[in-house]
Structures are given as structure tokens and as C-alpha cells.
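First up is the structure itself, then whatever we jot down about it.
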Amino acid sequence: MSAPKTIPKDAQVMIQILKDMGVTEYEPRVINQMLEFTYRYVTTIIEDAKIYATHAKKSSVDADDIKLAIQCRMDQSFTSPPPRDFLLEVARQKNQSPLPLIKPYTGPRLPPDRYCLTAPNYRLKSIQKKVAPSVGRISVPRLSVGAVSSRPTTPTLGTTSVQSVSTKVGAPVSLTGQRFTVQIPPPSQMTTTKTTTPSTPAVSNVLINPSLIGSKNILITTNMVSQNAAGESLKRKHEDDEDYDAL
Amino acid sequence: MAAVQGGMVDAKDELDIKSEPPSDGFGNSNANDGRLLSSSPGAGTGGTATGNNKPAPGPPEEQQTLLAVLQFLKKSKLAESAEILRREAGLPEDALDPKGTDASGSGPGLAAGSGQVDGVDASSLLSRVTVSSSAAAQAPKKAAAGEDQPDVSVVLSAYSQQGDPSLYDAYYSGLKRFIESVLDCHRAELSQLFYPLFVHMYLELVYNNNESVAKAFFEKFSGDQECYYEQDLRILSSLTKKEHMKGNETLLDFRTSKFVLRISRDSYQLLKRHLQERQNNQIWNIIQEHLYIDIFDGMPRSKSQIDAMSGSLAGEARREANKAKVFYGLLKEPEIELPLDDEDEEAENEEGKPKKKKPKKDSMGSKSKKQDPNAPLQTRIPLPELKDSDKLDKIMYMKESTKRIRLGSDNLPSICFYTFLNAYQGLTAVDVTDDSSLIAGGFADSTVRVWSVTPKKLRKVKSAADLNLIDKESDDVLERIMDEKTASELKILYGHSGPVYGISFSPDRNYLLSSSEDGTIRLWSLQTFTCLVGYKGHNYPVWDTQFSPYGYYFVSGGHDRVARLWATDHYQPLRIFAGHLADITCTRFHPNSNYVATGSSDRTIRLWDVLNGNCVRIFTGHKGPIHALAFSPNGKFLASGATDGRVLLWDIGHGLMVGELKGHTDTIYSLRFSRDGEILASGSMDNTVRLWDAMKAFDDLETDDFTAATGHIHLQDNSQELLLGTYMTKSTPVLHLHFTRRNLLLAAGAYNP
């Protein structure tokens, strides 16, 4: 192919190089790509060499600096596969161990979970439902429960009656500490749990508690929830069911 | 220095043996041959040196090491230290004289005449010693591994100067004149010497910084070489400095491994006599260093025979490399208990079951219970047991195979071509499931796309939430777990970060493997269409991957010149198959899953044993990188296609080339045998699919003892007779071929206007 005079000299050199290397068919953009690569490579090397020269307190860059720059870049960007004798040795060691026996009936045969890509790679954000809790269920005990345990521990307000109420929703409490169910407890419950909270009408309870609880919930229970939520999105549905059942 | 000792032990042993007539040693085909040969410079060059070179009694390895150190000191002009060492070590006086040759590696011997190489070689010597000792530290001293083990002595001596560089021209011309003057029958064989000698001499000149001499040498003699070495020569022509060689692993391997030549005894004697009677036998030294001459007794080979077998980067294969026993038979099909109301299925004769009226005639039912002597034991390698779903698959398979069309030269298959449109040259890999229900394509934009070929759409399993809501006790629970809402004909799998070069479906259609330029192999689930595992091991592009015919294992090969055997439940490879000199471009399992064939850019095909990782066969003969491999269904033969457009047929049991199919004009990218092995289909970059008569090609084979012993092949030039048909596509290179269970041929490629 003839190079019209409008092609810059560098491009002509590149065309010649491609021809010498035996590459006869290529798209025209290849020359641009090669030129860009050359420019980038050469400037990187020269910049590195300048740094080495100043490090060695030399006034100008000389051949040794360039050689060093090339060598360092080579090890970094243009690695080559390991040498043959190394591979042979590695192979010899690896091939010595016998093939492992196959365990029967194990379902999908995959490596341990750490090496698989099957773990969830997301985390659910905590949602905040500003729903009034019932008198019977006091969110504070949920806070105390707030550790990972699924059984509620002794609530901070520490009354057995509260415990009994909250045990009804033992598991969900810990997991979904910040979820409040709307419950208008029957008066019997109200009386039993009177000691835990001021036995004001439910409404007032509702008013007071969410604000307190809300903030605390975010602080305390978020981590816990996030740990569990990721793997237990299914459970949340169950909790819903259970909550409704508890109603 | 401990590592250096390893190589020197061998050299030392040979020096002792040398007292016997050297010619006896050459006929042996054992791993020590190469090193044995390399000792003969001691015998060759003015015989006296060997006599004097008897080291003093002492552990041979230490002796050699001391000699090496001594020589080094001398070169570095540390005369006093050298003297002290010599005195204390009790080395003979003449050990100090730099020998004309030192190919046995007893020390980097530098030719006396080449005064100019002093400083340079001392420093390069040191670098070499450190390089080789660190490399050799890993290469064990044992000789058990056979010809693949690098000989440290060779590594060291490979870089030493043999004679005056300016005389190389004269040496080569002298040899050329001699070879041209011998008898015709010997000339073809001795001409094999030209190429390796030329390359090694050129590389030596380059390595020792004789750039201008090297260039002149190249220009003068490169034109004489065989045409099929053209690509290599072009690469060589761009190498003019030592630094250029550093990054090129293939060339380094070429330097350190011995180029194998097969020459008849008569020709060899002729050559040896000629080279030894001259005073100046530098060429002899170079031959000893870099070439391994496998001698056989018998008629010299003709030019065509030699041409058929040569072309690979490392010469031909030694005869003993192809002597190991290979179990090429098929594994017995398992007995499947079939419901009695299914009329058509019966895997094997089972006592107690009434004989069916239509016994199976195909290979599935082997009526004899005897073990095929050529088949491996069922338990040779652990294989996964059959699950119920697998048994159902097998039943389907048998049903389909009853309806299979018998192909033959008079009954050609129909070909159905699946063209990928709008791929913009991005289609890099294709695979089809065994029952031909799914096609997957790997693309340069790092996606994997799966299509359903049948009207049945692709469905993935419902999410966990929805799965809870279904009735688990119903009969059609397997349909209910599938999500109808997202059913589609095409599913795209994202995950790789580089073009996808290899794709393989698992036999049970549950998994899909893809290998990519990013160095990983990914396992995708075809139930959920998500990625399950990424297998990291190759750090360089992985060019090909394939599942084993029984599932569970898969093999991959890539740019790092090794093939790896993996199991889906191990995150690291189980076996590493190292030995090729250049990238591995194609990997295929044998139908009995006990062997893996790898084709490489070094133009050889190697067959590896899965059980212990050994290379059991080396097949040379292609003149370009190999891109397609196919095992015949009976396991006895292997077909290979390369960039040179030829399909070569190999007999695995004997390790010989049995056929050559010429016809294609461009790279062959796919090969496939029909289900019963009667037809071989090949697809190529020249936009054609060609069908060849495999039955006839394998029919009359000369496998007498002479052929098997010497590896002489007599290829018939019957490509034209074997070609059954050529089918052109409209500018669509054929990337993949697949015979359905009923022997319909499917082909796939991307339209390339």
C-alpha cells in the first residue's frame, strides 16, 4: 500500500514495522492504536527514568536510568508466564497426590462456600415503620433484647409480665427490633402489663414510645438486623405471619 | 550450587562411560541419551582432553562444581584465588585450561579463541548461574521424569560461546556443502539438521551480543530453510538483542530443550565421520549441545515422510515418548434397570429379564462381560455415580439412538447451520449440549449468551420467596419451581472481564463452563442462570476448557503453557499438565475420561494421563498452531486441525500418524466425528464445512512391527477420495460442529461480511 504524503512520519514508521513483522491485514485504526501505545509507553519510561535520575542526584537522565525504568515497568505490566522448569516442578508435586474420591449423593458438587460466588452480596437497609406499638408490647424490652439472641432476655424494665408478652413473639422481636406492630391488646393484657409502663391509655403509650424507641432502635439494633436480615429475608415473612397470628 | 550439581552428575557419569565406543550408547532410547551425547565433545575434540580430564577421585559432583568455580575465577582474573582453590581442592593442573568445548557442562567453557567475550561472559555467566540455580533448585535432580526435565548442564552450556562468532558462517556453509554432496537417500535426513542448527547458532550469536554477525548470518541462510518454518523465522528476525529474548518464554524453552531429530543409523554415521575428521568441529559441539538425535535402524526416510512429521517447535517426538501403554478403550456402560413397560430400552443382557425382540446393536450394549484389554478399569479414576436424573437421560439417549441415521459415503448427513448475526466479529466460542437443546456463545464483550434451540423456553428457578409458596407435594413440583414470568429464549450471563474463549456444557445440562482472557474459569448454573464459582489458577488468558464426558471433571488450557484438570468441588486444580513449549490452544477429553489431549501453539499434540499427569503421547506433524481436536467415538483415533489447513489422523494405541486430509485452505477451527464414527466433519475459516470418510481412512492401516518400531509412516495421498463433500457458507467461518443424537450435523458460526 502506498503511503500518501499526508500521513505523518510516525505513522509511516508504524506501517513499516507492521510490514516487517509480517502483519499484512489490519484495520486502519490499528496504526492509531499502536502509535498511542508507543507514545504512552515511551513517556512512562522516560518519566520513570527522570525520577530515578533525580533520586541518584544526577543532573541528566542517562542510559542506566532508562534501563532501570524499562526493567521495572517490564516486571509490572508485561509479565510473562513462569519458566518451564518451574512449571514442571509444580506439576510434579501436584500430580503426586492421588485423585480424591467422590462422595456420593452430595447434591451440587461445589467448593466450600468461601470459594463460591453464591453468597449474597447485598445488605438490606433498616426500615423504620412508625407504627404504634401496643401497650402490651413495649419496645424497650426489645431494645434490651437487642442482642442477637432470639429469646428475649430480661427486659430493662424488668417485669415478668412484660416478659410473658414478649415471649410470645420471641424470635421476631430480636430480629425486627424496630418493627412495631399495631395491636390493641385486650384489656386483660393491659392490666397485666400495667406495671411495666404507666397504665395510660394506649394512645399515650404510642406517642411516647416511638420517638424514644425509634432513635434507639436505629442506634442499637441496626447492626444486629443487618447481620441477620441478609440471610433471613425469608424469616421476615414468617415473622409477619407470626405477628399476625399473635394478634 | 547444589542445583548445578544435578546436571553435572550426569555429565560426569558420561565422561566415565565415554571409554566405551560412543556409538553403542546412541542406540539406546532412554532418558540419558541426550546427556550421553553431550559428552562426546569430550570424545570428539582432540581426544586427549578427555584423557586428561579424568577428575581426581572425589565425589563427582563436587569435582565438577569446583571446576566450574575455578574457571569462573580464572575468567574474572582472580588468579591468586584460583590458584589457592586449585591447590586446596587438589584439582589437576590442566583443569584450569579453558577447554575448546565444554558442552558437558562441567563448567561454562569458553572457547580459547574468543578473547573478546571475557567480561561480558563472566557477568552473564553469573546471571545465568543464579537464574539457572534458582530455576534448577526447583527442578529436581532426579532423572526419573524423562525427557521433559531440564538438564541443568544444558541450561548453562546453552549460553556459552562455541568457537569464534565470525566463523559461524563458515561452519554453516561447510555443513551445507557436505550435506549437498551426500547420496540422495541420506540428504533428506541430514537436511533436517539445517533448521535447528541455524536457529541455535543465530540465538547464540544474539545472546553473546554479536548483533551484526547475527544479522549477517540470518540474512545469508534464512532463505534456505523449509517453508513451514517461515513464521518462526520471522519472529527470529526481530530478535537482535539479548534483551529481546528475556521476555519470550517460548524461545527460552526452545534454547533449553533439545530439538529432536530422527535419523537412520547410516546417515548418522556418515555425518559423524565427516564432522569428526575435520579439525574444526565446532558444529559437532553445537549438535551435541542442542540436538537430540534419535537413531533408528533401517532405511533412511524420504523427504515426504520427513515433511509429514516435522514442523513442530521441538522437532519430532522421541520414540520412547510414544511407547507408554494407553488405555484407549471405552468404559463399560452401566446397567440401567428399566421399567418393563418400556419396550425399547435394554442396556445389557441381564439375567432374569426376558430377552427383548430388538436387541441393541450399537455400542451401548456390549454382550460380553469380559474386560476389554484396551479399556481402563472402571475404578481407574474416580467418576461420579449416576443419579436418577442421569439414568433418565441415558434412557432418552438410548431411545434417540435407535432412531439414529446410519451415515456413510453414500448417505451423507444433512447440515443445519446456526448463524450468529450482528456479532461484529465478537463471537469467540460456541458449544451445544449433547441433546442439542441449548446453544451457548461466548463473546468478545465478555458475555456468555445461552439460547434455546427447541421451542421450550429457558426458565430459571424461582426466588426463595416464591419457592415457599408452592405446593411441595404436588406431582409436577419440578415445573412449579420454574419461574414462568422470566422465561425467555435467550439468557445473558455477565461476570467475566475479558473475551470468553472457551465454553462447555456439562453432560447433565446443569452447568456451563466458560473460560476467558481474564484468567478465570466460571461455572454457571443453568437452573438459576447465575455464576456459581470462579476458578482462579491460570493468571493468563485461558484459551479452551471442556467438561469431562461424565461430568464433575473439567480441563482447561491457556497462555501459561499448562493444562489443568479441575473438579467442580475443588477450588484448586487436581492435576497440572506441563510440558508444552507454547500456549495450549485446545483441550479435549478422551471418551473414557482417563486421558486429556492438548493441542498447542508449539505445533504438537500431547496426550496426558489423568491418573498421574504423565504425558503418554506426543504427536508432531502440524505446521501451525493446533485449533481443533476430536476423538473418534471408539476412542482409538484422534483427529487434529491446525492453521495450516490440514487435518491429521492419529492412532493413539501405536502413537502414529495414520492419515492426512488436505483440502481446507485456511485454519480449521472445528472437528467432529459422527456418532458412530463413520464420518468426520471439519469446519474452517475458509467458510466451508467438509465431510470426510473416516471409515475408509481408518480401514487399512499398516501396523506391522517395523512401522510401530521406527515410526515410519506411509501416508497415502488419498485426500481426494476421502473427501465426501464441501459445503460453502456465505462468508461465515465455521466455529463449531455438533452431531445430534440422530446424526444430523449442526454447525455454528458468526456471519462476517
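Residue numbers begin at 1 in each chain, while the letters A, B, ... track the order of the sequences.
B:Y553 is listed as a side-chain neighbour of A:I102, based on a closest heavy-atom distance under 4.5 Å. Using a 4.5 Å heavy-atom cutoff, the side chains of B:Y511 and A:P108 are in contact.
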Could you go through B:R522 and A:L117, starting from their C-alpha distance and side-chain angles, then the distance that decides it, and tell me whether this counts as side-chain contact (heavy atoms from CB on, under 4.5 Å)?
CA-CA 10 Å; B:R522 280 181 184 250; A:L117 304 170; 3.8 Å; yes
Is there a side-chain contact (heavy atoms from CB on, under 4.5 Å) between B:W608 and A:N95 once you walk through the steps?
CA-CA 12 Å; B:W608 307 88; A:N95 296 344; over 6 Å; no
side-chain contact (heavy atoms from CB on, under 4.5 Å) evaluation trace for B:R561 with A:R84:
CA-CA 8 Å; B:R561 296 165 300 151; A:R84 190 154 167 255; 4.1 Å; yes
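Near-neighbour residues of residues 232-240 of chain B relative to chain A, defined by a heavy atom under 4.5 Å from a heavy atom of that chain, comprise B:R234, B:S238.
Counting heavy-atom pairs under 4.5 Å between each of B:H570, B:K387, B:R575 and chain A puts B:R575 at the top. In terms of heavy-atom pairs under 4.5 angstrom with chain A, the leader among B:L383, B:L565, B:D569 is B:D569. Counting heavy-atom pairs under 4.5 Å between each of A:V90, A:T118, A:L99 and chain B puts A:L99 at the top.
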Can you give me every donor-acceptor pair (side chain of residues 527-542 of chain B, partner residue at least two apart or in another chain, under 3.5 Å) with its distance?
residue : atom : partner : partner atom : Å
B:Q527  : NE2  : B:N510  : OD1          : 2.8
B:T528  : OG1  : B:S525  : OG           : 3.4
B:T528  : OG1  : B:T530  : OG1          : 2.7
B:Y535  : OH   : B:T568  : O            : 2.7
B:H538  : ND1  : B:D560  : OD1          : 3.1
B:H538  : ND1  : B:D560  : OD2          : 3.1
B:H538  : NE2  : B:S556  : OG           : 2.9
B:Y540  : OH   : A:T79   : OG1          : 3.2
B:Y540  : OH   : A:S80   : O            : 3.0

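Counting heavy-atom neighbours within 6.0 Å of A:Y39 OH, excluding the residue itself, gives a total of 12 or less. In A:Q96, the CD atom is crowded: over 12 heavy atoms of neighbouring residues, nucleotides or ligands sit closer than 6.0 Å. Counting heavy atoms of neighbouring residues, nucleotides and ligands inside a 6.0 Å radius, atom CD of A:Q71 does not exceed 12 of them.
Looking at B:R564, neither its backbone nor its side chain comes within 4.5 Å of chain A, counting heavy atoms on both sides. At a 4.5 Å heavy-atom cutoff, A:M74 makes no contact with chain B through either its backbone or its side chain. Neither the backbone nor the side chain of A:F78 comes within less than 4.5 Å of any heavy atom of chain B.
Note on residues 70-82 of chain A: pairs passing salt bridge (charged side-chain N to carboxylate O under 4.0 Å, His left out), not counting sequence neighbours, are A:D48-A:R73. Residues in residues 103-114 of chain A take part in these salt bridge (charged side-chain N to carboxylate O under 4.0 Å, His left out) pairs, two or more places apart or across chains: A:R109-B:E385.
Interatomic distance, SG of A:C116 versus CG of B:L523, reported as 8.5 Å (0.5 Å rounding).
A:P100 and B:P382 make their closest contact through O-CG, 3.4 Å (heavy atoms, listed as atom of the first residue, atom of the second, distance).
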